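Everything below concerns the one structure shown next.
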Amino acid sequence: MKKIAILTGGGDCPGLNGAIKWVTKTALDPLLAKDRSVQFEVLGIRDGWKGLVEVDPDDPKSREEHLKPLDEERVRTWDRYGGTNLGTSRTNPFNLKNERSARLLENIEKLGIDVIVAIGGEDTLGVAYKLHRLGIRTVGIPKTIDGDLVGTDYSLGFDSAVNIIMEEIDRLRTTAGSHNRIFVVETMGRHAGWLALEGGECSGAYIILIPEYPFEMDRLCELLLERKGREIQYSIVVVSEGARLGGKKEFCKDEKLDDFGHRSLGGIAAYISGEIQEKTGFDSRYVILSHLQRGGTPSARDRLMARRFGIAAVDMIINEDFGRMVSYVHGEISSVPLKEVLNNLKLVDVDKYYDIERYNGKRTIL
Ligand code: F6P
């Protein structure tokens with residue numbers, strides 16, 4: 001009997017519960033078990049790495065607080081729901097200011113964990129990679145609404161988030177049209193513009209601002225003014241939270257750093273909206289979509305990918321492909337070494353995808 005521990009780390013999003021369900025179902029599948037030389041049990045860890053660091057394996061109350069044994073019955077309906085039923089955190093056990101890796105290793109041993117499946121983005125997978133280097137068997141599943149993980153063409157949560165952006169912009173259009181207003185819509189995405197770009201493209205936004213191409217306020221206003229007097233009396237401007245003016249830094253909510261050293265971005269939409277009003281005379285409002293983009297139920301694509309990623313993670317355990325992340329490349333599920341996924345972000349290739357004149361998606365593809 002081998003024990004698989006599973007956890008979700010970083011920002012939550014739709015698709016996590018599906019991945020947990022399919023790791024559990026596949027690992028415990030009685031038909032598959034007949035042909036396997038090993039049997040599995042699955043242990044859910046609550047609140048990401050935090051749960052594994054803080055649990056006291058000798059104390060039953062603490063085990064109950066931090067651990068959640070999983071079986072097929074328990075996870076049966078999970079793929080329909082957003083968020084993560086295991087909870088999540090941004091705890092970094094290797095943060096030098098609060099080193100808790102020794103405790104983490106001790107707990108893994110005491111709990112008799114044979115393999116850890118970590119579902120997360122670069123930060124969560126970075127911890128999985130460090131553990132792998134210390135001799136712990138780990139497998140990663142990619143998750144991030146930002147779409148910036150390298151080594152995979154898809155990460156869980158992205159499609160649901162793009163759908164939410166599109167739906168919210170559809171809603172804003174009717175009120176923007178009635179009032180002849182500009183609406184500036186701020187998306188998440190950190191330093192990558194994928195959410196703003198794809199969300200803006202599929203909703204037909206007039207202007208899209210991404211971190212990869214610093215913009216000029218004068219050019220933005222010029223583009224808006226080109227529409228003055230035309231039949232269209234409103235415009236949607238989508239701006240990524242990490243976008244910035246030429247020569248300037250990103251807008252941050254505050255000075256605080258999280259456990260992995262990230263600052264909380266946001267606030268640029270309010271600035272842009274104010275400037276538009278002042279410089280063009282257009283009436284302008286802004287909306288920060290914020291955590292709405294991580295809420296609600298998973299899209300069809302996220303449910304499907306969660307299922308496939310979960311199944312692939314168990315295949316990797318059976319094949320002893322440790323220290324790797326499940327990936328999706330050129331339409332096929334495969335895997336990549338965790339090492340190749342870290343310390344690098346997949347950013348929008350401006351030459352390929354962005355029109356620097358129009359501040360929008362490119363109108364040539366081939
Ligand atoms: O990485 C996912 C993400 O949603 C980013 O797009 C965003 O900047 C950040 O997380 C927000 O984090 P929090 O949930 O801690 O506010």
Side-chain angles (χ1 to χ4, degrees), residues 7-16 19 47-50 82-84 86-92 95 118-128 140-152 154-166 168 185-200 208-212 238-244 249-271 286-296 298-299 302 305-306 325 341-348:
L7 59 85
T8 50
D12 75 329
C13 66
L16 293 171
D47 306 328
W49 297 116
K50 182 170 182 264
T84 162
L86 288 179
T88 184
S89 69
R90 294 197 190 274
T91 297
N92 177 7
N95 184 347
I119 312 173
E122 211 211 348
D123 297 335
T124 306
L125 299 176
V127 175
I141 294 182
K143 173 275 331 179
T144 167
I145 66 160
D146 302 339
D148 58 358
L149 257 184
V150 297
T152 183
Y154 193 72
S155 297
L156 297 178
F158 182 76
D159 187 66
S160 301
V162 170
N163 273 287
I164 291 164
I165 295 169
M166 183 188 70
E168 296 301 343
V185 182
E186 183 174 309
T187 69
M188 284 185 164
R190 282 226 170 109
H191 305 292
W194 296 111
L195 271 183
L197 184 62
E198 296 198 13
I208 302 171
L209 303 170
I210 58 173
E212 292 84 348
V238 174
V239 58
S240 170
E241 63 180 4
R244 59 206 158 91
K249 288 195 169 157
E250 302 102 339
F251 281 68
C252 291
K253 288 187 191 138
D254 51 43
E255 297 296 310
K256 280 185 238 151
L257 294 178
D258 72 11
D259 226 13
F260 288 93
H262 305 297
R263 289 178 71 186
S264 202
L265 300 180
I268 190 166
Y271 168 80
Y286 68 92
V287 170
I288 300 175
L289 293 180
S290 188
H291 295 78
L292 285 174
Q293 292 159 99
R294 303 213 312 243
S299 66
D302 271 321
M305 295 308 283
M325 176 188 84
V341 173
L342 309 173
N343 306 319
N344 203 358
L345 290 180
K346 185 169 67 189
L347 300 177
V348 173

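In listed order, ligands and their atoms are each counted from 1. Predicted, not measured: the structure shown is a model, and the values here were computed from it.
For the ligand labelled ligand 1, residue Asp146 lies inside the 4.0 Å heavy-atom shell. Heavy atoms of His262 stay at 4.0 angstrom or farther from ligand 1.
Counting heavy atoms of neighbouring residues, nucleotides and ligands inside a 6.0 Å radius, atom OH of Tyr286 does not exceed 12 of them.
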Quick one, Tyr154 with Asp302, criterion side chain to side chain contact (heavy atoms under 4.5 Å, CB included). Give me CA distance, side-chain angles, the key distance, then yes/no.
CA-CA 10 Å; Tyr154 193 72; Asp302 271 321; 2.6 Å; yes

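Evaluated by nearest non-hydrogen atom to atom 10 (O) of ligand 1, the leading choice among Lys253, Arg190, Arg90 is Arg90.
Paired with Arg263 under the rule side-chain contact (heavy atoms from CB on, under 4.5 Å), one option of Arg190, Lys256, Glu255 passes, and it is Glu255. Applying side-chain contact (heavy atoms from CB on, under 4.5 Å) to Ile119 and the options Leu125, Thr8, Thr84 leaves one that passes, Thr8.
Contacts with ligand 1 closer than 4.0 Å are made by no heavy atom of Gln293, backbone or side chain.
Side-chain atoms of Asp159 and Ser299 include a donor-acceptor pair closer than 3.5 Å.
Looking at atom 3 (C) of ligand 1, its nearest protein heavy atom turns out to be Arg294 NH1, 3.5 Å.
Below 4.0 Å from some heavy atom of His291 lie the following atoms of ligand 1, by number and element: 13 (P), 14 (O), 16 (O). Close contacts of ligand 1 with Gly189, meaning ligand atoms under 4.0 Å from a residue heavy atom, involve 6 (O). Ligand-side atoms of ligand 1 in range of Glu241: 5 (C), 6 (O), 7 (C), 8 (O), range being under 4.0 angstrom from any heavy atom.
Side-chain atoms of Val185 and Leu289, non-hydrogen and from C-beta on, do get closer than 4.5 Å to each other.
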